[in-house]
Amino acid sequence: MVLHANDKSNVKAVFGKIGGQAEEYGAETLERMFATYPQTKTYFPHFDLGKGSAQVKGHGKKVAAALVEAANNVDDIAGALSKLSDLHAQKLRVDPVNFKLLGQCFLVVVASHNPSLLTPEVHASLDKFLCAVGTVLTAKYR
Amino acid sequence: MVHWSAEEKQLIASVWAKVNVEECGAEALARLLIVYPWTQRFFDNFGNLSSPTAIIGNPKVRAHGKKVLTSFGDAIKNLDNIKGTYSKLSELHCDKLHVDPENFRLLGDILVIVLASHFGRDFTPSCQFAWQKLVGVVAHALARKYH
């Protein structure tokens with residue numbers, strides 16, 4: 001699955017519009033993921049996952065930063081996220097199925113905050129982008 | 001049998017009461033065909049699906065989207081027997097329509113996103129939980145009679 005020119009420009013535009021709210025979106029994405037798919041909490045036994053958790057906010061910020069980095073380097077997501085890919089393969093080993101769940105929640109956050117931004121075409125590009133990020137992060141698993 | 005808490009039932013009902021079935025259904029199906037273009041394989045007789053604009057404006061897509069979401073309403077009216085409600089539809093999707101059940105999951109996820117875009121902040125994480133559960137149960141029920 002390949003990101004075409006229109007996908008790349010849609011992704012850049014989305015993250016451009018989201019701008020400084022990316023951190024907030026990251027935190028809410030995690031909050032929704034933990035609420036909607038409780039099995040994802042198993043990767044965070046060391047976290048306080050209660051409402052408003054500072055740890056979840058902090059981690060959401062990291063997740064958002066990675067997505068922003070990937071969007072800013074959309075021509076070479078594998079290169080941009082290479083270290084994160086190593087981390088996920090060697091240390092975190094999050095089961096690949098969970099990246100789709102995170103992606104779904106990110107789309108829900110964008111849709112609920114900014115419905116006019118998520119046109120069907122942009123929705124398609126963003127979904128592809130999130131798939132690509134998940135693929136990169138699990139690429140070195142075996 | 002699926003267990004629904006009182007809160008889940010209330011969250012589902014309160015969202016559903018405000019849903020425009022025709023609009024939401026049309027939008028969900030259109031987005032399915034746009035975001036996952038391979039799903040167009042089931043709709044060769046729908047005419048022009050050549051672009052997002054064509055898909056969104058296509059009257060057959062709109063009509064079918066309305067039909068599909070109206071059927072969701074049946075599940076919501078019968079939360080305690082979704083299996084029974086969808087038994088015949090499951091057979092139909094297997095024997096006549098030959099639809100891979102993965103497509104039910106894809107449509108369910110898209111529906112949740114459409115609801116989020118319509119309801120904004122009101123589509124809380126708890127709401128999302130209840131609705132993802134519902135679309136999952138519907139998908140499972142539709143796949144149940146496959147053989």
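Every value quoted in this text rests on a predicted model; they were computed, and no experiment measured them. Letters A, B, ... are given to chains in the order of the sequence lines, protein chains preceding strands, and every chain is numbered from 1.
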Okay, B:Ser51 and chain A: the region with an atom under 4.5 Å from a heavy atom over there is neither
Out of B:Ile110, B:Ile34, B:Val112, return the one with the most heavy atom pairs under 4.5 angstrom to chain A.
B:Ile34
Given 3.5 Å as the limit, does a donor-acceptor pair link the side chain of A:Tyr37 with the main chain of A:Leu102, or not?
no
Under 4.5 Å heavy-atom distance to chain B, tell me which part of A:Lys100 shows up: side chain, backbone, both or neither.
side chain
Under 4.5 Å to a heavy atom of chain A? For B:Phe119 that would be neither
I need the contact set between residues 52-64 of chain B and chain A: heavy-atom distance under 4.5 Å, sorted by residue number.
B:Pro52, B:Ile56
Do B:Tyr86 and B:Phe104 make the cut of ring centroids closer than 6.0 angstrom?
no
Looking only at A:Ala124, A:Pro115, A:Pro38, the option with the highest number of non-hydrogen pairs under 4.5 Å against chain B is A:Ala124
Donor-acceptor list for residues 135-147 of chain B side chains, cut-off 3.5 Å, not counting sequence neighbours:
residue	atom	partner	partner atom	Å
B:Lys145	NZ	B:Ser87	OG	2.6
B:Tyr146	OH	B:His93	O	3.1
B:Tyr146	OH	B:Val99	O	2.5
B:His147	NE2	B:Asp95	OD1	2.8

Cation-pi check for B:Trp4 against B:Lys133: NZ or CZ below 6.0 Å from the six-membered ring centre and within 45 degrees of the axis, yes or no?
yes
Per-residue tally against chain B (heavy atom, under 4.5 Å) across A:Ala35, A:Pro120, A:Ser125, A:Cys105 peaks at A:Pro120
Is the A:Phe99-A:His88 ring centre distance short of 6.0 angstrom?
yes
According to the interplanar angle, ranging from 0 to 90°, do the rings of A:His46 and A:Phe44 count as parallel (below 30°), tilted (30 to 60°) or perpendicular (above 60°)?
parallel
For the residue pair A:Phe15 and A:Phe129, categorise the inter-ring angle as parallel (less than 30°), tilted (30 to 60°) or perpendicular (more than 60°).
perpendicular
Nearest-0.5 Å distance that lies between atom OG1 in A:Thr119 and atom CZ in B:Arg31
7.0 Å
Proximity breakdown for A:His113 and chain B, heavy-atom pairs closer than 4.5 Å:
side chain
Basic-acidic side-chain contact under 4.0 Å: A:Lys57, A:Glu23
no
